[in-house]
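To start, the structure under review is shown below, and the notes come after it.
Letters A, B, ... mirror the listed sequences (proteins, then strands); counts begin at 1. Values reported hereafter were calculated over all heavy atoms of this structure, with side chains retained and with hydrogens, waters and symmetry mates removed.
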Amino acid sequence: MCFPRSSDEVAAAVGVARRHGRAFVARGSGTGLAGGATPLDDPVVIVTTQMNRVLEIDPQARVAWVEPGVLNLDLSRAVGHLGLHYAPDPSSQQACTIGGNVGTNAGGPHCLADGVTSAHVLAVDVVLADGTATRLGGLEPDSPGYDLRGCFVGSEGTMGIATRIAVRLTPDPPCVATLLCAFDSVEAAATTVSGIIAAGVLPAALEMMDAPITRAVEDFVGAGYPRDAQAVLLAEVDGLEGGVAEQVDAIAEVARANGATLVRVAADDAERALLWKGRKSAFGAIARIAPDYYLHDAVVPRTKLVEVLRRVYEIADAHEVIVMNVFHAGDGNLHPLLVFDQREPGVWDRVHAAGTEILEACLDAGGVLTGEHGVGIEKRDLMPRMFSPDDLDAQARLRDAFDPDGVANPQKVLPRGSRCGELQRVPEGTWI
Amino acid sequence: MTAPGPVVAPVGARTHWEIGGPPTEGAVEVRAPVGVITYEPADMTITVGAGTSFDTLDGVLAEHGQECALDPRSRAATVGGILACGLSGLRRLRHGPVRDHVLEVRFETGDGRLVKGGGQTVKNVTGYDLPRLFVGSLGTIGVLQQATLRCRPRFPRSRWFAGSATDSFRASARLWDGAREAVLFEGVDADVESQGRGLAPLDTPPALPDGPHRGRISVAPGRVGECTAALAGRVRWCAELGVGTVHVAADEADALVHARSVSHAYGGWMLREAGGPSDDDGFGCALPSAALMRRVKDAFDPGWKLNPARLPFARIG
Ligand SMILES: Cc1cc2nc3c(=O)[nH]c(=O)nc-3n(C[C@H](O)[C@H](O)[C@H](O)COP(=O)(O)OP(=O)(O)OC[C@H]3O[C@@H](n4cnc5c(N)ncnc54)[C@H](O)[C@@H]3O)c2cc1C
């Protein structure tokens with residue numbers, strides 16, 4: 001394991017790994033939930049936490065150059081006084097790095113309108129698997145040739161290591177409104193989400209929490225959520241005054257039409273901050289219910305939210321595990337949390353079985369395997385459920401183009417056998 | 001490098017037929033399917049055959065008060081052509097580049113495999129980002145069959161104004177041709193009105209420069225001023241402020257050569273969109289990470305059958 005301080009040191013570390021026939025794995029804060037940074041088979045682990053400087057801020061161009069180990073929230077703090085922020089805001093933003101965000105193409109509540117990480121990364125300086133350094137993308141709007149920057153973002157460390165990243169900064173909106181809506185059924189809340197989108201409103205954020213998580217959060221931070229609600233929605237709209245007012249009205253109307261028991265607009269910044277604190281503390285709050293949880297991540301079309309959520313509860317019931325839902329409802333990004341105590345015999349098997357069935361239900365509804373956490377090891381072997389052998393082969397060839405020798409974070413993302421004919425190939429070193 | 005057998009050129013509406021390198025003589029032209037495959041207005045996503053024109057796409061979306069801000073120069077352009085060229089529209093400042101609107105692509109590779117990348121939901125990180133790789137690849141890695149696009153509600157009001165709007169929040173476009181600045185605001189009536197206060201409304205949107213020789217310069221947005229000053233009357237130009245794209249047009253091929261050298265002097269480059277000198281390679285610069293790009297090309301088109309002349313390194317090979 002090494003902690004380089006510069007791009008050159010990253011390249012040197014890659015060189016050492018290669019000379020010793022080892023693979024290497026890039027690691028930021030290790031908050032990734034798909035096992036992307038988990039070392040397998042003794043690779044050299046290259047940790048970026050010492051590369052944590054914001055190198056350059058250009059408020060005019062609204063661009064910042066950062067090292068990969070800068071924490072997501074630290075970047076927004078560093079530019080806050082300029083009336084700017086870094087838009088992707090994963091719930092883990094106090095702990096995760098921009099490099100890790102680039103690795104996973106991270107999302108967050110406010111990515112609904114603003115887009116996930118890839119829409120905010122202009123250029124990445126990378127050390128490739130052969131140890132050479134190159135720049136992908138640039139500050140100019142288009143780069144000649146293929147969009148390798150686009151390929152790299154979300155490649156989970158399998159295409160090299162980001163050592164400097166140019167990100168786009170977003171101006172703070174002049175006007176923001178946050179609504180809290182409560183419902184006496186999960187279905188009413190989910191129907192409201194679909195209804196808001198169908199009504200042509202594109203909120204800045206639209207988050208949902210079901211009853212168990214709402215109560216847990218309330219006990220934990222006292223965010224002002226109603227304890228008796230079966231589900232709450234947190235909706236935020238931003239922009240100019242007129243548009244914000246109209247969208248607030250439209251959201252309130254859809255919520256009431258679906259039987260909302262409460263529609264409250266945060267009166268001031270303090271109340272807004274508290275409502276968000278509740279949402280962002282959800283995972284910490286779970287510890288009050290059971291010691292362990294397995295957090296899933298899948299996306300379904302927004303029109304399918306109601307039916308898929310119903311399936312999620314049925315599946316959890318059938319496997320006798322507790323499920324809680326706190327998720328990015330506006331883009332259909334479900335995060336079913338399976339809560340358990342691993343000391344209970346046999347519980348792991350039930351949690352896994354339920355989790356796999358939930359993912360299957362999402363795929364059956366026209367969804368995808370992961371919306372923001374990535375494939376890593378966790379979902380690697382489910383990839384054939386979404387992609388054909390030809391699809392996987394194409395992805396494997398793209399990866400090989402970046403890393404012909406397969407040394408950058410091997411065994412992640414693509415399942416064994418992704419390359420057409422891979423199983424037929426005679427293993428290296430075989431005597432014939 | 002090119003394998004024996006026919007070279008294949010995917011064809012859209014030929015609105016940018018000369019982009020990049022010239023099309024290969026005698027190439028077999030292939031076309032993509034036309035028509036809407038699925039449209040779920042409540043999901044704000046649409047899947048169309050790649051041969052569908054923007055005009056058709058926009059018409060279908062408009063019926064449900066939605067749009068997809070691809071904004072091609074010509075409404076006849078096909079979705080496949082727009083994605084392959086990757087030329088972003090004038091509202092990029094607010095709506096983002098073409099690549100941000102694409103959720104899933106299905107294309108046929110050079111060795112005849114049908115490959116899907118991305119997914120049809122509005123959020124997805126499953127597997128590598130083939131949609132972004134496809135955008136701007138100029139038909140050199142695959143023949144697009146269909147694409148799923150992200151849509152958004154149409155704005156109730158959209159209006160161009162003359163005047164400077166440096167500090168305006170979320171202007172949709174800011175154009176500058178050296179004489180005049182024009183700004184586009186979109187939103188609800190009250191907001192568009194308040195943003196346009198003190199500016200003169202324009203009855204027609206500003207026109208981009210036109211001519212037999214056309215290109216688009218990409219420079220860092222902060223260098224647009226110096227770069228356009230150096231163009232000095234030899235070409236007609238219009239810059240997208242805040243973005244860094246400068247559209248240039250001229251009557252003489254030489255003027256485009258001049259514009260390109262200016263772009264290089266300010267750290268940018270120029271993609272030739274039409275015309276230009278006959279020996280021009282369309283890009284006029286060494287591609288960055290060329291060896292890597294070449295391997296990417298190999299990965300999808302091992303026989304170099306697809307549009308081999310559109311990218312500069314293709315001909316060097
Ligand atoms: C409580 C909690 C809440 C979370 N909420 C969200 C959320 O809302 N949205 C979301 O998207 N995620 C969320 N996550 C997941 C996680 O925080 C993100 O995936 C984050 O982007 C990982 O950053 P990291 O620095 O911890 O990266 P790591 O976990 O260290 O690495 C993640 C992946 O990126 C690669 N990587 C790391 N650094 C680099 C680099 N410099 N160059 C190339 N590749 C690199 C690694 O190899 C690995 O594959 C949450 C996690 C937790 C624990």
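In this structure, CG on Leu287(B) lies 9.5 Å from CG on Leu148(A), to the nearest 0.5 angstrom. Note that CG of Leu130(B) and CZ of Phe387(A) are 7.5 Å apart. Values are rounded to the nearest 0.5 Å. Atom SG of Cys227(B) and atom CD of Glu140(A) lie 11.5 Å apart (nearest 0.5 Å). Atoms CG and CZ, on Asp393(A) and Arg113(B) in that order, are 4.5 Å from each other to the nearest 0.5 Å. To the nearest 0.5 Å, atom CD of residue Glu193(B) and atom CG of residue Leu240(A) are 13.0 Å apart. In this structure, CG on Asp129(B) lies 10.0 Å from OG on Ser155(A), to the nearest 0.5 angstrom.
Between chain A and the options Gly86(B), Cys285(B), Gly127(B), Gly222(B), heavy-atom pairs under 4.5 Å are most frequent for Gly127(B). The choice from Arg380(A), Met383(A), Arg399(A) that makes the most heavy-atom pairs within less than 4.5 Å of chain B is Arg399(A). When Pro174(A), Ala61(A), Gly115(A) are compared by the number of non-hydrogen pairs under 4.5 Å with chain B, Pro174(A) comes out ahead. Per-residue heavy-atom pair counts under 4.5 Å with chain A were compared for Val243(B), Thr45(B), Ile141(B), and the maximum is reached by Val243(B). In terms of heavy-atom pairs under 4.5 Å with chain A, the best-connected choice from Gly187(B), Gly268(B), Ala42(B), Gly119(B) is Ala42(B). Counting heavy-atom pairs closer than 4.5 Å to chain B, the top residue among Thr303(A), Thr134(A), Leu139(A) is Thr303(A). Among Glu240(B), Arg99(B), Glu40(B), the residue with the largest count of heavy-atom pairs under 4.5 Å with chain A is Arg99(B). Top candidate by heavy-atom pairs under 4.5 Å with chain A, chosen from Ala286(B), Ala291(B), Ala299(B), Ser218(B), is Ser218(B). Of the listed residues Ala119(A), Gly367(A), Cys111(A), Gly154(A), the one with more heavy-atom pairs under 4.5 angstrom with chain B than any other is Ala119(A). Annotation: maximal heavy-atom pairing with chain B below 4.5 Å, among Ser194(A), Gly366(A), Pro171(A), Gly239(A), occurs at Gly239(A). If you tally non-hydrogen atom pairs under 4.5 Å between each of Ala298(A), Ala34(A), Gly371(A), Gly150(A) and chain B, the highest count goes to Gly371(A).
Both the backbone and the side chain of Thr140(B) have a heavy atom closer than 4.5 Å to some heavy atom of chain A. Within the 4.5 angstrom heavy-atom criterion, atoms from both the backbone and the side chain of Pro173(A) approach chain B. Using a 4.5 Å cut-off between heavy atoms, Thr245(B) contacts chain A through both its backbone and its side chain. Heavy-atom distances place the side chain of Arg149(A), and not its backbone, under 4.5 Å from chain B. Both the backbone and the side chain of Tyr128(B) come within less than 4.5 Å of a heavy atom of chain A. For Asp111(B), the part lying under 4.5 angstrom from a heavy atom of chain A is the side chain only. Looking at Val188(B), the atoms closer than 4.5 Å to chain A (heavy atoms on both sides) all sit in the side chain, from C-beta outward. Looking at Ile196(A), there are no atoms closer than 4.5 Å to chain B (heavy atoms on both sides), in backbone or side chain. Proximity to chain B (any heavy atom under 4.5 Å) is restricted, for Val116(A), to the side chain, taken from C-beta onward. Looking at Gln395(A), the atoms closer than 4.5 Å to chain B (heavy atoms on both sides) sit in the backbone and in the side chain alike. In this structure, chain A has a heavy atom under 4.5 Å from the side chain of Gln195(B), while its backbone stays farther away. For Val219(B), the part lying under 4.5 angstrom from a heavy atom of chain A is the backbone only. There is no contact between Leu382(A) and chain B, counting heavy-atom distances below 4.5 Å. For a residue to count as touching a neighbouring chain, one of its non-hydrogen atoms must lie under 4.5 Å from one of that chain's; by this rule His328(A) touches chain B with the side chain only. Ile217(B) does not touch chain A: none of its heavy atoms, backbone or side chain, sits under 4.5 Å away. With a 4.5 Å cut-off on non-hydrogen atoms, Asp100(B) touches chain A through its side chain but not through its backbone. Neither the backbone nor the side chain of Arg154(B) comes within contact range of chain A; no heavy atom of the residue lies under 4.5 Å from a heavy atom of that chain. With a threshold of 4.5 angstrom between heavy atoms, Leu271(B) does not approach chain A through any atom at all. When heavy atoms are compared at a cutoff of 4.5 Å, Asp390(A) approaches chain B by way of both its backbone and its side chain. For Thr370(A), the parts lying near chain B are the backbone and the side chain together; criterion is any non-hydrogen pair under 4.5 Å. With a 4.5 Å cut-off on non-hydrogen atoms, Thr132(A) does not touch chain B at all.
Taking Phe169(B) as the reference, nothing meets the ring pair (Phe, Tyr, Trp, His ring centres under 6.0 Å) condition, with sequence neighbours excluded.
Using a 4.0 Å cut-off between a side-chain N of Lys or Arg and a carboxylate O of Asp or Glu, Arg170(B) and Asp238(A) qualify as a salt bridge.
Residues Arg295(B) and Pro404(A) meet the side-chain proximity criterion, which asks for heavy atoms closer than 4.5 Å. The shortest side-chain heavy-atom distance between Thr126(B) and Lys379(A) does not fall under the 4.5 Å cut-off. No side-chain heavy atom of Glu104(B) sits under 4.5 Å from any side-chain heavy atom of Val368(A).
Nearest heavy atoms, Ser143(A) versus Trp269(B): C-CZ2, 3.5 Å. The two residues Met386(A) and Lys116(B) come nearest to each other via the heavy atoms O-NZ, 2.9 Å. What you find for Val201(A) and Met44(B) is that their closest heavy atoms are O-CE, 4.2 Å. The minimum heavy-atom distance linking Val125(B) with Gly374(A) is given by the pair CG2-N, 3.6 Å. Of all the heavy atoms in Asp147(A) and Arg132(B), the pair that sits closest is CB-O, 3.6 Å. Contact record, Val300(A) with Thr121(B): C-CG2, 3.9 Å, taken as the closest heavy-atom pair.
Sparse packing is recorded around CD of Glu241(A), with 12 or fewer heavy atoms of other residues, nucleotides or ligands lying under 6.0 Å away.
Residues Tyr146(A) and Ser289(B) bring no donor and acceptor atom of their side chains to less than 3.5 Å of each other.
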In sequence, state the C-alpha distance, the side-chain angles, and the governing distance for Arg92(B) and Asp142(A), and then conclude on side-chain contact (heavy atoms from CB on, under 4.5 Å).
CA-CA 12 Å; Arg92(B) 176 178 185 161; Asp142(A) 298 300; 3.3 Å; yes
Using the rule given for side-chain contact (heavy atoms from CB on, under 4.5 Å), can you reason through Asn124(B) versus Val299(A), listing the C-alpha separation, both sets of side-chain angles and the distance that settles it, and then say yes or no?
CA-CA 7 Å; Asn124(B) 173 33; Val299(A) 190; 5.6 Å; no
